[in-house]
Amino acid sequence: MSGRVIEASLDQRWITQRRTGRQAWEWKRTSVLIPGDRIPFPLTAGRFGSEGEARDGYFVGAMLGDGGMTSCTPEFHGDPLDGAVQFMRVFAAEHGCGVREIPQGSIVRVRFPFRAGHRNPITDCLRRFGVWGQRCDEKQLPDLRLSREFWIGCLSGLIDTDGCVRERVNPRGTAHGSVEFATVSPVLAVQVSDTLLRLGVANRVRVDERKRNDGHSVNGYVIASRRPINIKVSRATALVRLAGILDLRIGYKALKLKRLVRTVGHVAPAKSEMHGYDESVALDRVKGVSTSAVRRVFGVTVNPSGLFVVNGLVVGAMLKSGPVAP
């Protein structure tokens, strides 16, 4: 569900929850895992580096969302009265870069020109974090040891631009809601989901499977439809935790998130020794298992529980070496 991928031997052991009966815990090998099996993951096992600050992160996240980074001059599109555009003005000034605003209906096109013959510091910042020149379906953050503060800023910028806060009331009259982010970049979707999990925020990743017409064209150019990938945070405890982390600058989104937290903030996490629910533990679901190759693997033994964490998921000591299966 979270989009995480792990390569393991076919006899690697996993602690899973039974799907019927008492739903107690049991061991399963990779070879017998099936879609839907539930595997626990700790929400407190996140590790971060030291590269980047919160303001850098917000700038990069917002530019990944509503920015233009493939022409000579970087630009950003947004409401001239909201906090995101104001942040861009201040950020550019801090870096000694000019700002040119071009009205386009209810939004403004903000460009960041620089003196001829000099390197543009805004472009340099985007290059530093490896996002300059990326197309929409190729957007991603580089494999750097980015700091926790950078990631929080980046998530705030992404949700301010390509995200939304929803409030709902179900047929029984119960109020609930969600925070969602959408992208057409598979890599960025996985990065956002993984970062949320490392920050202790459980989420789901889903691909929009609605039927689309891929055969239409405009002026002879074939239009290729891209299916958006949605990252959704809807559990009450996850929403409260996320609201305490994000620093949204678009006013109406920040207000909706505060109102949503007041609505669901009273919901406590379910706790049961059998089910293993805990404020620091959640369950992921297996989406599929496939065999890709045969290669040398190494077993890991840990005592006394036999459990350890790999790529954010709880696994058990391997019994013997064998073919790997991602």
Is it the case that one hydrophobic cluster holds both [X] and [Y], taking links as side-chain heavy atoms less than 4.5 Å apart, direct or via other members?
X    : Y    : value
M69  : I107 : no
L197 : V286 : yes
I231 : I250 : no
V32  : W27  : no
I159 : Y252 : no

For H176 and E167, run side chain to side chain contact (heavy atoms under 4.5 Å, CB included): C-alpha distance rounded to whole Å, both residues' side-chain angles, the deciding distance at 0.1 Å, then the answer. CA-CA 6 Å; H176 61 100; E167 298 172 289; over 6 Å; no

Which atoms form the tightest heavy-atom contact between [X] and [Y], and what is the distance?
X    : Y    : answer
A8   : T30  : CB-OG1, 4.2 Å
A175 : T263 : CB-CG2, 3.4 Å
L260 : R166 : CD2-O, 3.8 Å
G65  : L158 : N-CD2, 4.4 Å
A238 : V201 : O-CG1, 3.9 Å
M63  : P74  : CE-CB, 4.1 Å

Under a 3.5 Å distance rule, please check whether [X] uses its side chain to pair with a backbone N or O of [Y] as donor and acceptor.
X    : Y    : result
K256 : C164 : no
S31  : D11  : no
K232 : E180 : no
S178 : S234 : no
S156 : L248 : no
N120 : F112 : yes
N203 : S193 : yes
K139 : L64  : yes
R241 : G200 : yes
D194 : Q191 : no

Test item: [X] and [Y] side chains (from C-beta on) under 4.5 Å apart, heavy atoms:
X    : Y    : answer
L141 : C154 : yes
T195 : L155 : yes
W14  : I6   : yes
L239 : V179 : yes
I102 : V108 : no
Q17  : L283 : yes
V205 : I229 : yes
R249 : Q86  : no

From CA spacing to verdict: side chain to side chain contact (heavy atoms under 4.5 Å, CB included), W25, T16: CA-CA 6 Å; W25 298 101; T16 63; 5.7 Å; no

Return the [atom1] to [atom2] distance between [X] and [Y], rounded to the nearest 0.5 Å.
X    : Y    : atom1 : atom2 : value
I152 : L199 : CD1   : CG    : 5.5 Å
R148 : S50  : CZ    : OG    : 14.5 Å
I34  : R285 : CD1   : CZ    : 11.5 Å
L188 : E138 : CG    : CD    : 12.5 Å
D66  : R109 : CG    : CZ    : 14.0 Å
I245 : W151 : CD1   : CH2   : 13.5 Å

Can a salt bridge be assigned to the pair [X] and [Y] using a cut-off of 4.0 Å between side-chain N and carboxylate O?
X    : Y    : value
E94  : R55  : yes
R111 : E101 : no
K28  : D37  : yes

Any chance [atom1] of [X] has more than 12 other-residue heavy atoms, nucleotides or ligands included, within less than 6.0 Å?
X    : atom1 : value
E53  : CD    : no
R100 : CZ    : no
N170 : CG    : yes

Contacts satisfying side chain to side chain donor-acceptor pair (under 3.5 Å) that involve residues 121-134 (not counting sequence neighbours) are E51-R128, R119-D124

Does NZ or CZ of R198 fall inside the cone over F48's six-membered ring, less than 6.0 Å from its centre and within 45° of the axis? yes

F129: what forms a ring-ring contact (aromatic ring centres under 6.0 Å, His included) with it, not counting sequence neighbours?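 Counting only residues at least two positions away or on another chain, F129 forms a ring-ring contact (aromatic ring centres under 6.0 Å, His included) with F150.
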
Assess the residue pair T161 and F76 against the criterion (side chain to side chain contact (heavy atoms under 4.5 Å, CB included)); give the C-alpha distance rounded to whole Å, side-chain angles, the decisive distance to 0.1 Å, and a yes or no. CA-CA 10 Å; T161 52; F76 179 78; 4.0 Å; yes

Using only heavy-atom distances, determine whether the side chains of S185 and D137 contain a donor-acceptor pair under 3.5 Å.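 No, because no side-chain N or O of S185 sits under 3.5 Å from a partner of the opposite role on D137.
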
Per the ring pair (Phe, Tyr, Trp, His ring centres under 6.0 Å) rule, what does the pair list look like for residues 90-111, sequence neighbours excluded?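 Qualifying pairs, neighbours excluded: F59-F91, F87-F91, F91-H95.
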
Assess whether side chain to side chain donor-acceptor pair (under 3.5 Å) is satisfied between Y58 and D160, documenting all intermediate values. CA-CA 9 Å; Y58 186 91; D160 260 344; 2.6 Å; yes

Evaluate the criterion side chain to side chain contact (heavy atoms under 4.5 Å, CB included) for residue pair V315 and Q12; output intermediate values, then yes/no. CA-CA 8 Å; V315 300; Q12 176 72 52; 4.1 Å; yes

